[in-house]
Amino acid sequence: MDKLLISGGRPLSGEVRISGAKNAALPILAATLLTQAPVVLENVPELRDIATMLKLLSQLGVRYRFGANTLEIEASKPESVLAPYELVRTMRASILVLGPLLARCGEAIVSLPGGCAIGARPVDLHLKGLKALGADIRVEAGYIHARAKRLKGCRLVLDQVTVTGTENLMMAAVLAQGKTVIENAAREPEVTDLAEFLVKLGAKISGIGSDVLEIEGVDGLDSGPVHHVILPDRIETGTYLTAAAITQGCIRTTHTRPELLDAVLDKLKEAGAAIIHGPDWIELSQTSRPRAVSFHTAPYPGFPTDMQAQLMALNCIAEGVGIITETIFENRFMHALELRRMGADITLEGHTAICRGVAKLEGAPVCASDLRASASLVLAALAAEGETVIDRIYHIDRGYERIEAKLAKLGATVQRIRE
Ligand code: EPZ
């Protein structure tokens, strides 16, 4: 397994180009199953998870050409409706083909995604919504068997905010008969990007960006060739800005959008960062030791759970005590155990982590457990005195495009050890 070797303790500075958002590209790739029209997607990040989704789509009969972050894709007629366990187990977001396959082909056989490091991650709300739309759903031997001649629109009230649940149900509803209303819908920018893509395909969706989505079903989505540019990645943006804060440097992130991460920018300012921005760039400079911040994670526009681990790393070297409460996932503090190995003073009490800042972390051998945990270990390593070796770095390759090249350009001493 690849490792990252980082020698820390120096401020990072310079400019980093932000890639397209993994969590926008994944549902939009799944949505191409809904149309036979050719689709061109730009700003698609080259990541493990994108490669996994493309592998799954090609098994379903989708043809594509991918190069220089541009994807030409055509799902003229899916030749299969099976999403096998071997693929789904490596990427839970594979569940996103369930809604489109059911809507387009009237059938889908999708492996139940197992849990992952951060939690059980059930998909009961996806299935409950599809049943309400008239699908016959059976779960047998670890597979979801879904059938529906044609889904029928209805009013859905989601018991809790679910990002991919909202996305799956919205994709199912666009070809249903009649109107579907999804209440308590997720408002994440990636859900909005998917909705805007579906409208380009010819879907009729209103309330985009709000927690009430209204979808008027249509008979087909074949309005002709469609072109879409994937939304910039707000979590990658927040991660690199936090790299500037934790190393007391100055970094400008470009090809991004400031309005996507207000809650994160507010917390970084509270930690003492000076932040300026333009329409598509954000610059953070930290000239003194950060102050500890407290927050709880929440659905958008609240503080994103995908930035919780990164801000915990910042709290580890900050002045004071920061209290973090994780309200979305039941086990998203795995990074705390590894940060402690670097000298962090973190006490875990259920869904709350109490971080007492220390003056310096020390480099140490650590192990990544999930995508954002590995990002927090990279940040801690950049700030720590000495050398850190991060194992199982495949986790980070799932969501951060060309991470060592981007970090090296900012002045980091980082090397990938291939094993
Ligand atoms: C999406 O996961 C993201 N993944 C996650 O990003 C992100 O952390 C999460 O949303 C929250 O923002 C993608 O978009 C591909 P949820 P998702 O359904 O949709 C519970 C990353 O790092 N729930 O919004 O799986 C669930 O257990 C990844 O890029 C049910 O109980 O998350 C969780 O507690 C990690 N039943 C809460 O809802 C369901 O049917 C929110 O989960 C669905 C969800």
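Worth saying up front: this structure is predicted, and the values here are computed from it rather than measured. Note that the numbering runs from 1 along the sequence shown for the chain. Counting starts at 1 for both ligands and their atoms, in listed order.
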Any nitrogen or oxygen of [X] lying under 3.5 Å from a nitrogen or oxygen in ligand 1? Just yes or no.
{"X": "L26", "answer": "no"}
{"X": "V163", "answer": "yes"}
{"X": "E188", "answer": "no"}
{"X": "R121", "answer": "yes"}
{"X": "K22", "answer": "yes"}
{"X": "L125", "answer": "yes"}

Q) Which is it for K149 and D136 under the salt bridge (Lys or Arg N to Asp or Glu O under 4.0 Å) test, yes or no, and what are the steps along the way? A) CA-CA 10 Å; K149 234 171 138 37; D136 169 50; over 6 Å; no

Would you mind listing which atoms of ligand 1 come within a distance below 4.0 Å of any non-hydrogen atom of [X]?
{"X": "H126", "answer": "40 (O)"}
{"X": "R372", "answer": "21 (C), 22 (O), 29 (O)"}
{"X": "V123", "answer": "39 (C), 40 (O)"}
{"X": "T305", "answer": "8 (O), 11 (C), 12 (O)"}
{"X": "R332", "answer": "8 (O), 22 (O), 35 (C)"}

Q. Is the side chain of N69 donor-acceptor paired with the backbone N or O of V44 at a distance under 3.5 Å, no angle test?
A.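 Between the backbone of V44 and the side chain of N69 there is a qualifying donor-acceptor contact (under 3.5 Å).
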
Q.
Is it the case that the side chain of R104 and the backbone of L33 share a donor-acceptor pair, with hydrogens and angles ignored and the cut-off at 3.5 Å?
A.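 Yes.
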
Q. Side chains of R252 and Y240: do they bring a donor and an acceptor to under 3.5 Å?
A.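 Absent: no donor and acceptor within the cut-off.
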
Q: Verify the neighbour count for atom OH of Y85: are there more than 12 heavy atoms of other residues, nucleotides or ligands below 6.0 Å?
A: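 Atom OH in Y85 is not packed in, count stays at 12 or less.
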
(Q) Does atom CZ (R17) have a neighbourhood of more than 12 heavy atoms from anything else shown, all under 6.0 Å? (A)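 12 or below, so no.
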
Q: Pick one of side chain, backbone, both or neither for how D306 approaches ligand 1, counting any non-hydrogen atom pair under 4.0 Å.
A: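 It is the side chain that gets close, since no backbone atom is under 4.0 Å.
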
Q: Report the part of T164 (side chain from C-beta onward, or backbone N, CA, C, O) that has a heavy atom under 4.0 Å from ligand 1; answer both or neither where that applies.
A: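 It is both parts that get close, each with some atom under 4.0 Å.
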
(Q) Please compare A25, A21, A373, P122 and report which has the shortest non-hydrogen distance to atom 27 (O) of ligand 1. (A)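 Heavy atom nearest to atom 27 (O) of ligand 1 belongs to P122.
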
Q | Residue selection (non-hydrogen contact nearest atom 20 (C) of ligand 1) among M91, M307, Q160, H395 | A |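 Closest candidate by heavy-atom distance is Q160.
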
Q: Report the C-alpha distance between R63 and S76 in whole Å, list the side-chain angles of each, state the deciding distance to 0.1 Å, and finish with yes or no for side chain to side chain donor-acceptor pair (under 3.5 Å).
A: CA-CA 8 Å; R63 286 185 303 286; S76 40; 3.3 Å; yes

Q: Could you give me the CA-CA distance, side-chain angles and deciding distance for T239 and Q310, then say whether side chain to side chain donor-acceptor pair (under 3.5 Å) is met?
A: CA-CA 6 Å; T239 304; Q310 297 90 315; 3.2 Å; yes

Any atom of ligand 1 sitting under 4.0 Å from a heavy atom of [X]?
{"X": "G119", "result": "no"}
{"X": "V161", "result": "yes"}
{"X": "Q308", "result": "no"}

Q: Might you work through the side chain to side chain donor-acceptor pair (under 3.5 Å) test for H228 and E196, ending with a clear yes or no?
A: CA-CA 9 Å; H228 187 76; E196 286 168 357; 5.8 Å; no

Among protein heavy atoms, which lies nearest [atom], and at what distance?
{"atom": "atom 9 (C) of ligand 1", "value": "F329 CZ, 3.9 Å"}
{"atom": "atom 36 (N) of ligand 1", "value": "D124 OD1, 2.7 Å"}
{"atom": "atom 3 (C) of ligand 1", "value": "N23 ND2, 3.7 Å"}
{"atom": "atom 33 (C) of ligand 1", "value": "I328 O, 3.4 Å"}
{"atom": "atom 18 (O) of ligand 1", "value": "T162 OG1, 2.7 Å"}

Q) Any side-chain heavy-atom pair from V163 and V191 closer than 4.5 angstrom? A)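 Yes, close enough: below the 4.5 Å cut-off.
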
Q. Less than 4.5 Å apart, any side-chain heavy atom of L198 and any of M171?
A.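 Yes, their side chains come closer than 4.5 Å.
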
**Q.** Steps toward salt bridge (Lys or Arg N to Asp or Glu O under 4.0 Å) verdict (K22, E190)
**A.** CA-CA 9 Å; K22 163 178 85 81; E190 295 75 26; over 6 Å; no

Q: Please determine which of R48, R416, R418 meets the salt bridge (charged side-chain N to carboxylate O under 4.0 Å, His left out) test together with D397.
A: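 Only match with D397 under salt bridge (charged side-chain N to carboxylate O under 4.0 Å, His left out): R416.
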
Q: List the steps, then state whether side chain to side chain contact (heavy atoms under 4.5 Å, CB included) holds for L175 with L221.
A: CA-CA 8 Å; L175 291 179; L221 291 179; 3.9 Å; yes

